[in-house]
Student: 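Structure in structure tokens, see below.
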Amino acid sequence: MGYDTIQIHLDALLKEQLSTYSHTNMVDESAVVSAALRQYLESDQPTLSELAAGYKEMATINRAIAADFAATEDHDERRIV
């Protein structure tokens with residue numbers, strides 16, 4: 001796996017905490033940032049899959065609502081003409 005370089009900006013306190021953690025645990029600062037970012041991004045996945053499941057569950061109801069409105073619009077258009 002290749003690595004890309006990015007530039008991030010941290011406030012002084014967070015930078016100090018990162019430095020202290022990295023030094024204390026003998027781990028590279030980049031590894032800590034990568035692990036934290038990965039965890040942050042993956043924590044959002046259940047929310048996305050829950051949304052997808054919700055849309056799938058609502059599909060039948062949405063089709064029924066759309067069919068009802070289509071029938072109503074068709075009925076109204078016949079009365080206008």
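Remember, predicted model here, so these are calculated numbers, not experimental data. Scope of the values below: all heavy atoms of this structure, side chains included, with no hydrogens, waters or symmetry mates.
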Student: Rounded to the nearest 0.5 Å, what separation is found between the OH atom of Tyr3 and the OG atom of Ser30?
Tutor: 9.5 Å

Student: In terms of hydrophobic clusters joined by side-chain contacts under 4.5 Å, are Ile6 and Val33 together?
Tutor: yes

Student: To the nearest 0.5 Å, how far apart are CD1 in Ile65 and OG1 in Thr60?
Tutor: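 So the gap between those two atoms works out to 11.0 Å.
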
Student: Checking Ser22 side chain against Ser19 main chain: does a donor-acceptor pair fall under 3.5 Å?
Tutor: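 Answer holds: no.
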
Student: Quick check against the 3.5 Å criterion: does Asp11 have a side-chain atom that pairs as donor or acceptor with the backbone of Leu13?
Tutor: yes

Student: Who passes side-chain contact (heavy atoms from CB on, under 4.5 Å) against Leu41, sequence neighbours left out?
Tutor: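 side-chain contact (heavy atoms from CB on, under 4.5 Å) check on Leu41 returns Leu37.
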
Student: Just verifying a value: how many Å separate Ser49 OG and Lys56 NZ, rounded to the nearest 0.5 Å?
Tutor: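 Going from OG on Ser49 over to NZ on Lys56, the span is 9.5 Å.
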
Student: Out of curiosity, does Tyr40 fall in the hydrophobic cluster containing Tyr21 (side-chain heavy atoms, cut-off under 4.5 Å, transitive links)?
Tutor: no

Student: Checking Thr20 against Glu16: is there a side-chain donor and acceptor pair closer than 3.5 Å?
Tutor: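 A pair is found: one side chain offers a donor N or O, the other an acceptor, under 3.5 Å apart.
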
Student: Mind checking salt bridge (Lys or Arg N to Asp or Glu O under 4.0 Å) for Glu29 and listing every partner two or more places apart, or none if nothing turns up?
Tutor: Lys15

Student: Going hydrophobic residue to hydrophobic residue with side-chain gaps under 4.5 angstrom, can you get from Phe69 over to Met58?
Tutor: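 Yes, one cluster joins them.
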
